[in-house]
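Handing you a structure now.
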Amino acid sequence: MSFAELGLSSKVLAAVAASGYTVPTPIQAQAIPHVLQRRDVLGIAQTGTGKTAAFVLPMLTLLEKGRARARMPRTLILEPTRELAAQVEENFARYGANSGLSVALLIGGVSFGDQDAKITRGVDVLIATPGRLLDHFERGKLLLTGVELLVIDEADRMLDMGFIPDIERICKLVPFTRQTLFFTATMPPEIQRVTEQFLHTPIQVEASRPATAATTITQALVHTRSHPADKRETLRHLIRSAENLKNAIIFCNRKTEVALLHKSLVRHGFAAVALHGDMDQRSRMAALESFRNGEMTLLVASDVAARGLDIPDVSHVFNFDVPIHADDYVHRIGRTGRAGRSGWAFTLAAPTDKKHVAAIETLIGNAIPWTGDPLPVEEGEEEAPRRGARPRRREEPKGRDREPARGGRKEARPAPKDAEPARPPRERPEAHKPASEPKRPHRHREEPDEPAVIGLGDHVPSFLLQPVRRKARSPA
DNA sequence: AAAAAAC
């Protein structure tokens with residue numbers, strides 16, 4: 001099977017060839033001929049299956065006939081996130097370089113002016129996130145009555161994000177006679193209902209993931225305590241000791257944690273950038289670009305980056321937090337091991353994450369192996385000998401002597417918020433110690449921006465490099 | 001429980 005057999009125009013075929021592709025992916029082979037015949041298509045496919053090109057290429061071919069009119073886009077593509085929308089735009093730029101088509105990207109976080117000007121001139125392809133699209137529409141600057149083809153991408157994710165009402169509204173604003181291409185990775189009942197409502201006798205095409213997670217992605221769970229400072233330390237050691245680490249995406253559950261971790265990693269000398277939805281759009285784009293082009297090797301991200309992002313060469317994924325939704329786990333680790341490459345996915349798991357880990361293992365159908373030893377903290381987890389003593393509960397290390405009593409040792413802390421008292425200057429972490437470094441009997445609870453402790457602390461990754469050696473109780 | 005997306 002070759003692209004030439006699918007009915008694409010010579011211009012498009014030339015652009016595909018220039019990009020170095022010769023063989024269509026299954027979803028492309030199945031969908032493209034139907035799109036060209038102007039059928040509605042229901043594509044059940046994840047990213048990484050070549051789904052984007054499955055609609056971009058035939059759209060380019062179809063759009064060669066006809067011309068855009070002012071304020072009346074001919075085609076409309078809806079994406080759940082700004083980054084995905086921008087990614088689709090890049091696909092049009094790549095494959096449509098010689099087509100002379102005008103493409104506009106309507107996403108939030110950037111000024112209306114340029115977007116408006118483009119729409120007014122007339123665009124062949126409008127790529128949008130729902131909020132900004134409706135905003136333009138409500139301002140009366142955009143007419144959707146000329147849309148011949150509508151693409152709804154990542155529909156199940158739109159559902160997760162509460163976009164379905166917007167999608168339904170938009171579907172009613174475009175002509176009934178339009179062609180609709182609808183892509184989703186899963187088919188929950190709500191999505192089923194939407195497809196029945198808005199697709200006309202669709203051709204259903206399905207593409208399984210190019211390679212299952214099990215075959216190309218090596219997964220592992222890593223024991224950690226649940227306090228962020230402990231996790232950051234564990235992560236640093238994990239990154240430093242990872243083999244074949246080319247670059248990595250590090251996922252956190254919260255935007256605040258993304259920001260903190262990013263700052264901490266930079267402080268520790270890592271080439272890291274952050275990506276989350278509270279950042280301004282310019283920074284988001286810049287971060288993604290610097291990670292894509294290899295300038296930065298670590299991308300600390302919220303789940304905004306969990307799905308769909310096409311960065312073909314990510315060697316590692318680290319889950320700094322265990323994702324709360326099991327399916328997010330699958331999406332996150334799917335950022336590595338792409339295009340037939342090998343990938344590694346490490347998930348930091350604290351005893352408190354047990355439940356979520358179990359849900360993930362149920363979903364993926366097998367147990368994720370642990371790397372190294374369980375931490376001693378797990379023993380007697382429920383006993384919580386000292387927990388009540390502190391005003392704000394946090395995950396205290398359970399072993400005795402971990403957290404010295406107030407005023408007991410040099411670690412005594414004046415302020416509740418971990419404000420560190422003056423401490424002898426410590427060595428920078430870049431000169432981190434080999435695993436044979438003798439462990440400290442007491443623990444440090446370092447503030448994110450504090451220089452790191454010498455050595456590993458008694459609690460950290462003996463498991464990474466050492467043979468099984470249960471931690472001795474700290475000498476009293 | 002949190003993320004994303006509109007100002």
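Bear in mind the structure is a predicted one, so any value in this text is a computation, not a measurement. We name chains A, B, ... by the order of the sequence lines, and we start the count at 1 in each one.
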Checklist entry - What is the distance from CD of A/Glu154 to P of B/dA4, rounded to the nearest Å? => result 15 Å
Checklist entry - When we call it a touch if two heavy atoms are under 4.0 Å apart, what does A/His276 touch: a base, just sugar-phosphate, or nothing? => result sugar-phosphate
Next on the checklist: side chain to side chain donor-acceptor pair (under 3.5 Å), that's the test. Do A/Glu196 and A/Gln192 meet it? Break it down for me.
Outcome noted: CA-CA 6 Å; A/Glu196 284 162 9; A/Gln192 180 74 39; 3.0 Å; yes
Checklist entry - Without hydrogens or angle criteria, can the side chains of A/Asn319 and A/Thr347 be said to hold a donor-acceptor pair below 3.5 Å? => result yes
Checklist entry - Is there a donor-acceptor contact under 3.5 Å linking the side chains of A/Asn91 and A/Thr52? => result no
Next on the checklist: Applying a 4.0 Å non-hydrogen cut-off, can you work out what A/Asp166 is touching in the nucleic acid: base, sugar-phosphate, or nothing?
Outcome noted: nothing
Checklist entry - Which of parallel (below 30°), tilted (30 to 60°) and perpendicular (above 60°) describes A/His223 and A/Trp370? => result parallel
Checklist entry - A/Arg284 side chain N/O closer than 4.0 Å to the phosphate oxygens (OP1, OP2) of B/dA5? => result yes
Checklist entry - OP1 or OP2 of B/dA4 sitting under 4.0 Å from any side-chain N/O of A/Thr129? => result no
Next on the checklist: Over all strands shown, is A/Gly162 touching base, sugar-phosphate only, or nothing at heavy-atom distances under 4.0 angstrom?
Outcome noted: nothing
Next on the checklist: Does B/dA5 have OP1 or OP2 under 4.0 Å away from a side-chain N or O of A/Thr81?
Outcome noted: no
Checklist entry - Base, sugar-phosphate, or nothing for A/Arg82, non-hydrogen atoms under 4.0 angstrom? => result sugar-phosphate
